[in-house]
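We're numbering straight along the sequence, starting at 1.
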Amino acid sequence: MSDMSRLTGKIGDATLIEMSPDSPCDEDNNGYHHHHRDIDLDEYPHSQPDPSEVDKHQQSKDSVFFRDGKKRIDFVLSYVDDRDGERKQERRREYEANLQKAGLELETEDKSESDDRKTYFVKIHAPWEVLATYADVLKIKVPFKENDIPVHQDIPMDWLFTPFRLPDHIMNPEPDYFTSPFNKGKIDFFLIDDKETFFPPSVRNRIVYYILARCPYHKTDREDKKGIKRLLNNGTYGSAFPLHDSRYWKPSRDSNSESERFNLYTHWAQFFSFFKEQPLNLIRKYYGEKIGIYFAWLGFYTEMLFFAAVVGLICFLYGLFTFDDNVWSKEICSEEIGGNIIMCPLCDKKCGYWKLNSTCNSSWQSHMFDNVGTVFFAIFMGIWVTLFLEFWKRRQARLEYEWDLVDFEEEQQQLQLRPEYETKCTSRRLNRVTQEMEPYLPVTSQCARTFLSGATVIFWISLIIACIIGVIAYRLAVYAAFASIMKDSPTNNIHMVGSLITPQLATSVTASCINFVIIMILNLMYERVAIWITDLEIPKTHLEYENKLTVKMFLFQFVNYYSSCFYVAFFKGKFVGRPGDYIYMFGWSKLRNEECDPGGCLIELTTQLVIVMSGKQVWGNVQEALVPWVMNRWGSRKARSHPESRYSRWEQDHDLQNFGHLGLFYEYLEMVIQFGFITLFVASFPLAPLLALLNNIIEVRVDAWKFTTQFRRPVASKAHSIGAWQEILNGVAVLSVVTNAFIVAFTSDMIPRLVYMYAYSNDLSMKGYINNSLSVFNISGFSKDNRPEDGESPEWFNSSVITTCRYRDYRYPSGHEKEYSHTMQFWHILAAKLAFIIIMEHVAFMVKFFVAWMIPDVPAEVKARIKRERYLIQEYLHNYEVEKLKIQLSQRNDDCCCTPMIYPDISRHVVLSECL
């Protein structure tokens, strides 16, 4: 090994390089001499910078450079020096000394220079030699030739889209290049104009964080304690973050600063830009590919929602404008028909007899969502979701190429073990591939941890189900109270909406609100539990950690958000029995299973969906925007109250909120839950895609505003797809076909109406449908426990005159030889429902798979570009090696006695093969 460098310690599949003071990287690599700061362990951290060297009041507030104005600040560490924190001081000393040995350069801002007079800031700069070494290790792609493939974007009537477009320098901040993984040994192969700006800030902070996460701070015989994450957890450092390049509301005064944050805020994060396209390339350049992919997916999802929203609105308007053709609602509202039909009580004792025409309003409301358009829209959404997923694959493939992610393998990116895994796994075994000792978790410990994790998830899902059962019990108990209170219609005195309030509606709305509150409380509790049990499993890689947490959180959220909707859609009103033989909750309780509203259960499912979906979206946007803003205002209150004080770039960013490693996880989770609402139950509410579209238009700008103004700059990271969420979306898409088929068949009244019209109506009309759909029960058959109490029935009810009541079912009347058993029409309808489900599912799945087969995942143009790039890499590398060989041969022919060096002006640095 060269005396220029030596290993400081192998961490996972990576190696940190220790630079000696006389390393060539100290001089010429950056065009100026590097001064390594010597650490005085006795005086640190109270050492003061030389006042003659620095005049902070002449330094720009927005400076992202060291005091010399040349070295860029790639990362900042902050801490408060505790009086009794000797162990923390020792950790900081050793950690920062090891960082310097790894080649990083540090500069400390004393607490006297900070606004609160308490906080130290350690600024970190990565010189060219370190960046080049780790760019090679991480296989970061860099340009070697400008893209020579012409781009054909001839869009018909392109001028129509001009108002939606952004300036070209914002949409394409960099030229289009062919790229290849960086190779430190072939440095002149790449297009390097300026070493200081060759690696963009996002790549620089990614490399520095890679070193910070693996640098040791304490060595013992048993283990090496390492990583900035552990130092943050134990309070040694308060925060660690890369810097924004300027203030968001005005560009930096430093000409060397790109002010990309200002451009993002101006053209992307302001709400009045909601109709503009997103500058995805600039987002990727500033925040990294992982965040860029999220906003690309969110934008594409919002665009596709526009088509679903338009069709859903048309279906809703169809139901609105076909009121006059709604024969069954007219019969319900008619005094001659609905006014003469006496219905059986809907609960025991406290509910009286009632007339069918009292549900006139709910019948009209139900028609807006329960009509022929519902079936069409359910089938359309099955096709839409397939098109959305397939076109997203094509969009994703294009982004993979444009963002140099084609050959990026998630496994390659995640080869580095999580520092927590390395720390907690004390056992070692031989890796058969690398032939090196690596940490591992024993099978017994792994099984025990997995069992405990699974048991915890099952417990929490059981808790959700118990809460849902509690809400159902509330619905059953409170309905009788509402029915007793509203028997004399006191709500009619309420202006405008009083006539619309029924016991069913009041019960449904209050139960939905209670259910929403329970959902939000359980969410807050389970988030902490999910992270805890995922940490307990000690996943090996970051990818494995995210996938495990994703499965746990989505499974919980799925049950939490959708269980109440599943109850209303598929269980309510399906197991109620009949008058005289009702079915009760658990069989032994006095809570009688609730029946559907006379207008059908679909309107109740719509109510449940609107409350939960809208409530979640409003709460989510308020929480995302308001909470960070309030916390930032509170955190920076002192700085704002002292305008005369210097408020540096690192202090400004320090006062912002930290964007945790799970920040994007919650963004994806929110959108995937919304995706479930607009697909799983869309047959009950065609306006759901419109609500989602309006929410997402706001969501894109809220997220953009939050990223640019309220959060510290996240560490850039790569991702070539949306990860495990893709498979979850595919699963939800398949399930949505099934749920919508069942909603149309069993929750909607569409099938019974069609069966009546084509099999039982004399003139293929819906006249007489209401009378046909109601069975007759003899009042004398009520037991004492079912019969209404005295005074509960209305004044018009006379038991000596009225001897029968009606109920929703298809059963033979009293006195028939098959008394109260199901009629043949019931079985005809059931067969029609099952046939509809089978046909709809098969048609939807056939179309789905046909569309998926017809649309290739990767566009032909992208395939051609990928092949062209691979060809050029091989050709250029071949020519490069040939030229290299010619130089070596010419040096040999000149009888040069020195060691051959192909590029004498380029400093060489030895990296062990383990590093690669």
Legend entry - Chi angles and distances behind the side chain to side chain contact (heavy atoms under 4.5 Å, CB included) call for Thr747, Ser684: CA-CA 9 Å; Thr747 309; Ser684 67; over 6 Å; no
Inset, instruction - Show your reasoning for whether side-chain hydrogen bond (donor to acceptor under 3.5 Å, both in side chains) applies to Gln396 and Ser721. - result: CA-CA 7 Å; Gln396 188 171 263; Ser721 68; 4.7 Å; no
Inset, instruction - Kindly determine whether Phe677 and Tyr562 satisfy side chain to side chain contact (heavy atoms under 4.5 Å, CB included), including the steps that lead there. - result: CA-CA 8 Å; Phe677 278 124; Tyr562 302 144; 3.8 Å; yes
Legend entry - Steps toward salt bridge (Lys or Arg N to Asp or Glu O under 4.0 Å) verdict (Lys718, Asp404): CA-CA 10 Å; Lys718 280 184 172 288; Asp404 302 323; over 6 Å; no
Legend entry - Worked check of side chain to side chain contact (heavy atoms under 4.5 Å, CB included) between Ile314 and Phe377: CA-CA 10 Å; Ile314 292 173; Phe377 191 57; over 6 Å; no
Legend entry - Derivation of the ring pair (Phe, Tyr, Trp, His ring centres under 6.0 Å) call for Phe376 and Tyr318: CA-CA 12 Å; Phe376 166 77; Tyr318 169 81; 9.6 Å; no
Inset, instruction - Go through the steps for Ile722 and Trp392 under the test side chain to side chain contact (heavy atoms under 4.5 Å, CB included), then give the verdict. - result: CA-CA 10 Å; Ile722 61 175; Trp392 165 246; 3.9 Å; yes
Inset, instruction - Quick one: do Lys706 and Glu667 satisfy salt bridge (Lys or Arg N to Asp or Glu O under 4.0 Å)? Show the steps, please. - result: CA-CA 12 Å; Lys706 184 174 63 176; Glu667 302 293 343; 2.5 Å; yes
Inset, instruction - Would you sort out whether Arg395 and Asp857 count as a salt bridge (Lys or Arg N to Asp or Glu O under 4.0 Å), showing the intermediate values? - result: CA-CA 9 Å; Arg395 180 80 174 102; Asp857 292 346; over 6 Å; no
Legend entry - Residues Asp703, Tyr294; criterion side-chain hydrogen bond (donor to acceptor under 3.5 Å, both in side chains); working and verdict: CA-CA 11 Å; Asp703 284 350; Tyr294 164 72; 2.8 Å; yes
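With 3.5 Å as the limit, one finds a donor-acceptor pair spanning the side chains of Tyr561 and Asn523. Side chain to side chain, Ser329 and Ser363 meet the donor-acceptor criterion of an N or O pair below 3.5 Å. A donor-acceptor contact under 3.5 angstrom links the side chains of Trp328 and Asn326, judged on distance only. In this model, no donor atom of one side chain and acceptor atom of the other lie less than 3.5 Å apart for Gln710 and Trp705.
Residues Glu869 and Arg865 are not paired through a salt bridge, judged by the lack of any N-O separation under 4.0 Å between the basic side chain and the carboxylate. For the pair Glu861 and Arg398, the salt-bridge criterion is met [side-chain N within less than 4.0 Å of a carboxylate O]. Comment: Lys552 engages Glu537 in a salt bridge, judged by a side-chain N to carboxylate O separation of less than 4.0 angstrom. Ion pairing of Glu546 with Lys290 is present here, as a side-chain N (NZ or NE/NH1/NH2) and a carboxylate O approach within less than 4.0 Å.
Looking at Ile464 and Ile519, their side chains never come closer than 4.5 Å, going by heavy atoms from C-beta outward. Taking 4.5 Å as the limit, some side-chain heavy atom of Phe295 sits within range of a side-chain heavy atom of Gln278. Residues Val622 and Gln617 have side chains not in contact (no heavy-atom distance under 4.5 Å, counting atoms from C-beta outward). Residues Gln726 and Lys393 meet the side-chain proximity criterion, which asks for heavy atoms closer than 4.5 Å.
The side-chain contact (heavy atoms from CB on, under 4.5 Å) test with Leu549 is passed by exactly one of Leu669, Thr534, Ile533: Thr534. Checking Phe391, Tyr668, Trp725 one by one against Trp297, the ring-ring contact (aromatic ring centres under 6.0 Å, His included) holds for a single residue, Tyr668. Of the candidates Arg701, Gln674, Glu303, Gln674 is the only one forming a side chain to side chain donor-acceptor pair (under 3.5 Å) with Asn696.
Taking the ring axis of Phe516 as reference, the NZ or CZ atom of Lys616 does not stay both within 45° of it and closer than 6.0 Å to the ring centre.
Under the 30°/60° scheme for interplanar angles, the aromatic rings of Phe742 and Phe746 are found to lie parallel.
Taking the six-membered ring for Trp and the full ring otherwise, the centers of Phe388 and Trp384 sit less than 6.0 Å from each other. A centroid separation of 6.0 Å or more is found between the aromatic rings of Phe685 and Phe316. Ring centroid separation for the pair Phe566 and Phe571 does not come in under the 6.0 Å cut-off.
Judged by distance alone, with hydrogens and angles left aside, the side-chain atoms of Ser748 form no donor-acceptor pair with the main-chain N or O of Ala745 at under 3.5 Å.
Contact record, Ala683 with Ile743: CB-CG2, 4.0 Å, taken as the closest heavy-atom pair. Heavy-atom minimum distance, Thr510 versus Thr507: OG1-O, 3.1 Å.
Atom CG in Leu609 sits 6.0 Å away from atom CG in Leu605 (nearest 0.5 Å).
Within a 6.0 Å radius of CZ in Phe275, other residues, nucleotides and ligands contribute more than 12 heavy atoms.
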